[in-house]
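Taking it in order: structure first as structure tokens, then the write-up.
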Amino acid sequence: MGTLLTISQAAKDTGLTPKAIRLYERRGLIRTPPRSSGGYRLYTADDIDTMAFIRRARSLGLALDDIAGILTMQEESGTPPCATVRGILTQRVQDIDDTIAHLAVLRSALVATRDSEALPGEAHDGCPIVNAGHRRMESIQTDTPTSRPKP
């Protein structure tokens, strides 16, 4: 059977926390281990390999549901589901690209707002960025009727 490790030893070997290991056990990502006579969880080398895979997958941003699917497919087929993993990684790359594009637009808007110049006559009235926001709110409030006209 080989050497069995307690949860603290498994955590040290895999870089996970005992709390994370217990979570992965509850979620079914790792099997429920046998316990020692003292009640300690005892993990095998295969369990440690699975935990190490989970840690690597999480470091790549994979969701626990994706990881569970990969582990289930591997268990059922006996071989790593490489095509599925590539598909998940491709989607993760696309998600990152979308986030980067969104952040680039946000950055441009922030820089443009920061670098905006004061309007004529505004330099002595305070911050043009704050004042511009107030003008927009005032125009919204004046454009919106506060009460219904009487018939």
Minimal non-hydrogen separation, Ala10 against Ile48, with atom names: CB-CD1, 3.4 Å

If you round to the nearest 0.5 Å, how far is NZ of Lys12 from OG1 of Thr6? 10.5 Å

Transitive ILVMFWY cluster of Val93, excluding itself - 4.5 Å side-chain cut-off: none

Indicate, with yes or no, if Leu42 and Leu29 share a hydrophobic cluster defined by side-chain heavy-atom contacts under 4.5 Å among Ile, Leu, Val, Met, Phe, Trp and Tyr. no

By side chain to side chain contact (heavy atoms under 4.5 Å, CB included) - contacts of Glu75 (at least two apart): none

Taking the side chain as every heavy atom from C-beta outward, state whether Arg31 and Asp46 have any pair of such atoms under 4.5 Å apart. no

Ile7 and Pro18: which non-hydrogen atoms are nearest, and at how many Å? CD1-O, 3.6 Å

With clusters defined by side-chain heavy atoms of hydrophobic residues (ILVMFWY) lying less than 4.5 Å apart, directly or transitively, does Leu4 cluster with Tyr40? no

Decide yes or no for Asp13 and Tyr43: does some side-chain heavy atom of the first lie under 4.5 Å from some side-chain heavy atom of the second? no

Using residues 101-110 as the side-chain source, report each donor-acceptor pair under 3.5 Å to any protein atom, sequence neighbours left out, with the distance given to one decimal.
{"residue": "Ser108", "atom": "OG", "partner": "Ala104", "partner atom": "O", "Å": "3.1"}

Phe53, CZ atom: more than 12 neighbouring heavy atoms under 6.0 Å: yes

Would you say the side-chain atoms of Asp98 and Gln94 include a donor-acceptor pair closer than 3.5 Å? yes

Just by distance, no angles: are the side chains of Thr50 and Asp47 close enough, under 3.5 Å, to form a donor-acceptor pair? no

Contacts of Arg92 that satisfy side chain to side chain contact (heavy atoms under 4.5 Å, CB included) - sequence neighbours left out: Asp95, Ile96

In residues 63-72, what donor-acceptor pairs under 3.5 Å come from side-chain atoms, sequence neighbours left out?
{"residue": "Asp65", "atom": "OD1", "partner": "Arg27", "partner atom": "NH2", "Å": "2.8"}
{"residue": "Thr72", "atom": "OG1", "partner": "Ala68", "partner atom": "O", "Å": "2.9"}

Residues clustered with Val111, ILVMFWY side-chain links under 4.5 angstrom: none

Minimum heavy-atom separation for Gly15 and Arg55, please, with both atom names. O-NE, 3.3 Å

Tell me, with the steps shown, if Ile54 and Leu62 meet side chain to side chain contact (heavy atoms under 4.5 Å, CB included). CA-CA 9 Å; Ile54 294 167; Leu62 272 64; over 6 Å; no

